[in-house]
There are 4 protein chains.
Amino acid sequence: MSKRVDKKEALLEATLTLVNNHGFHAAPMSKIAKLAQVSPATIYIYFKNKQDMMNAIYLKVKREMADAAFCGYSTDLSVKKGFELVWSNVFEYKMSHPRETKLLEQCETSPIVEADVLKEGIGYLDPLSKLMQRGKEQHIIKDVCDYELYAYVFYPLTFIVLNSEREEIVGERSKSETLFAMAWDCIRA
Amino acid sequence: MSKRVDKKEALLEATLTLVNNHGFHAAPMSKIAKLAQVSPATIYIYFKNKQDMMNAIYLKVKREMADAAFCGYSTDLSVKKGFELVWSNVFEYKMSHPRETKLLEQCETSPIVEADVLKEGIGYLDPLSKLMQRGKEQHIIKDVCDYELYAYVFYPLTFIVLNSEREEIVGERSKSETLFAMAWDCIRA
Amino acid sequence: MSKRVDKKEALLEATLTLVNNHGFHAAPMSKIAKLAQVSPATIYIYFKNKQDMMNAIYLKVKREMADAAFCGYSTDLSVKKGFELVWSNVFEYKMSHPRETKLLEQCETSPIVEADVLKEGIGYLDPLSKLMQRGKEQHIIKDVCDYELYAYVFYPLTFIVLNSEREEIVGERSKSETLFAMAWDCIRA
Amino acid sequence: MSKRVDKKEALLEATLTLVNNHGFHAAPMSKIAKLAQVSPATIYIYFKNKQDMMNAIYLKVKREMADAAFCGYSTDLSVKKGFELVWSNVFEYKMSHPRETKLLEQCETSPIVEADVLKEGIGYLDPLSKLMQRGKEQHIIKDVCDYELYAYVFYPLTFIVLNSEREEIVGERSKSETLFAMAWDCIRA
DNA sequence: AATGAATGAGACTTCATTCAT
DNA sequence: TATGAATGAAGTCTCATTCAT
């Protein structure tokens, strides 16, 4: 019983590592199995096939990220405070989980996971949608559609995290507060 | 010689289509060849191997995008006008070239092309670096490092283009001016 | 002990079903176990391996068929009456047991069970051999070797049963009496 | 061009041999390739997959058998002469082609080839259907449906050929004339 | 330059079987 | 006896690449 969890966990962990190191192509089942220290056949006890496994890992990571994002969040917070909290949470999460960040980005960029799974994952961010809605109704933030707001507030984080890992980058990374200020300047009404 | 161009072009075109439809990991040489109406063997006359071909395609598309970006640009323009021009050019290009946009994004997200090739591609945006530099010196834009500025000004475009293609999106896309205004609000000092 | 019989029975039943639906080569141990509602490991308590199980199943079915064939049979019967009885019994059995019929045919056609097991199974029809012998000695039936007689008298039944299951067959199946008359016409001296 | 025929032929030949020696299961693509002296990958140049290959080999053999069966046949022949000719042809063919005979039997017994392919193969025997029809109309043979006639006239041949190969058989095989006489006695009106 | 045919290596997946409980 | 979990070996098929023409 506990074993079940262990192996599944090990497999997801191994996949995360491999996909990050060399991309989704170049993460064959055999290597995943080896890294997780199980037989290739064992994978198929826990997952129907590779697609199913990728779906599972995407949802797991997305859920983890969403949970982190809304940690301490309440609808009682003002719109700005709400944004600030969620944004900071996401920033923290992404900075401390570059592998997860990269995986999510890859999954959302190329057709690794299935469309409805992607949709389900996006659903995890529902409180954020509601927050945006509230902000628009109260005329605190600009009245542009959700994914445009997301594009300017959260999507840049991905780029920043992904690039701050590279060595050749010139210039020092700004403080979290500065980066949020930019995001907020962008969307406030 | 003109033939040579034709086939290379056809191969690029085919790759672009396939990578977009089902991702890099579903774009085997055989399919690329078939779609380009050449023999698989012919590819190896023009490219050393698949890696080499992907490198070439990435650079070609990146160059095309960069050329579009700086169309009409001159260092005589004010910082804001400069940003506005380049931003609009990029916006136009990405909107009208979703396949190219997606390919670039995939290449920059997962290790499809080699690191130094990626660097070379980024070099094509050198005038933009210089523009940012000028903006920072003149205290017109915020003094944050280049890739953070890029993250907030240009990277959101990718997200917007990629998502505006999806059907299930709720809400109407904002006008180009609005979107640029957001970007500018974000980085101006 | 009664449990033991139950599981063996269930396994036999499951195998019969699977082999019939999609052929021997699509009846893996895992599916057999699932259909019989036992663990794959349990199979190996009752049988040494798959080969052993197939041997056992073949013999069991063959025995069942032979028992049915000689139900009511006695050496006191005249040759013709004897043939008629056995033939009718076989006809009844095969018509009412298409799965068993198909399994036997498959086992005897392709090397699913081992040669000596096959031989043992054929031995179950020994009373029939003796009947043929008697018929030949009394010059009631033709003096051709046993398996040729079998080929004309009983083997056609298999074909008829197997094909009468198909939908696209044109024409109505003849009555049992007609079919036996044909068989008898064929072998009588 | 001639190569193409050679390899395809070699593959069909190899499959025939392997399926006969150890059954359809136990004829993996790797062994087939090895016996045909080609790479496993080469198989997929000529056939879509294993199923497709089995379909092809079945139809090829069936066609060959049918061609042999109707060699010298004409609708001008009397019903009995017609039957005699076709029967003898089939007898000759099956006796001299035990591998082909066994393969056809296996294909028609277990779901190795697809239903419509099976149907197509049976269609090759169309002249025989017509001959049966003629025989029934002229009241020369019994008025039973086609597949029952086939079961008594031709199907026994398969059994005889398959068993005459076995060593342990007791008794000498009858002459062709005797065997046909049995078949004819069986179906004549 | 151009190709259709060919291929070894390796991808995903399933199999018969065994292990720990 | 009975099992769910686990597995090495082997299955089918695809891939990037090369060969002969």
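Each chain gets a letter, A, B and so on, in the order the sequences are listed, and its residues count up from 1.
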Given atom [atom1] of [X] and atom [atom2] of [N], what is their separation to the nearest angstrom?
| X | N | atom1 | atom2 | answer |
| --- | --- | --- | --- | --- |
| B:Met54 | F:dA16 | CE | C1' | 14 Å |
| C:Phe47 | F:dA2 | CZ | P | 12 Å |
| C:Lys31 | E:dA16 | NZ | C1' | 15 Å |
| B:Met29 | F:dT18 | CE | P | 10 Å |
| C:Gln51 | E:dC15 | CD | P | 18 Å |
| A:Tyr46 | F:dA6 | OH | C1' | 8 Å |
| B:Ile45 | E:dG4 | CD1 | P | 12 Å |
| A:Lys8 | F:dG4 | NZ | C1' | 15 Å |

* Structure fact -> Partner of F:dT17 under the Watson-Crick or G-U wobble criteria, both distances under 3.5 Å, comes out as E:dA6
* Please determine, for F:dA9, whether a Watson-Crick or G-U wobble partner exists with both distances under 3.5 Å, and give it or none. => E:dT14
* Structure fact -> Which of C:Glu108, C:Glu100, C:Glu105 passes salt bridge (Lys or Arg N to Asp or Glu O under 4.0 Å) with C:Lys62? Answer is C:Glu108
Short side-chain N/O contact from [X] to OP1 or OP2 of [N], under 4.0 Å:
| X | N | value |
| --- | --- | --- |
| B:Ser30 | F:dT14 | no |
| D:Tyr44 | F:dT14 | no |
| D:Thr42 | E:dA6 | no |
| C:Lys7 | F:dT3 | yes |
| D:Ser39 | E:dA6 | no |

* Are more than 12 heavy atoms from other residues, nucleotides or ligands located less than 6.0 Å from atom CD of C:Gln51? -> yes
* Structure fact -> Heavy-atom nearest nucleotide on DNA chain E taken for C:Lys48 and for A:Pro40; more 5' hit belongs to A:Pro40
* To do: Using the side-chain hydrogen bond (donor to acceptor under 3.5 Å, both in side chains) rule, pick out the option among C:Asn20, C:Thr17, C:Thr15 that qualifies with C:Arg99.
  => C:Thr17
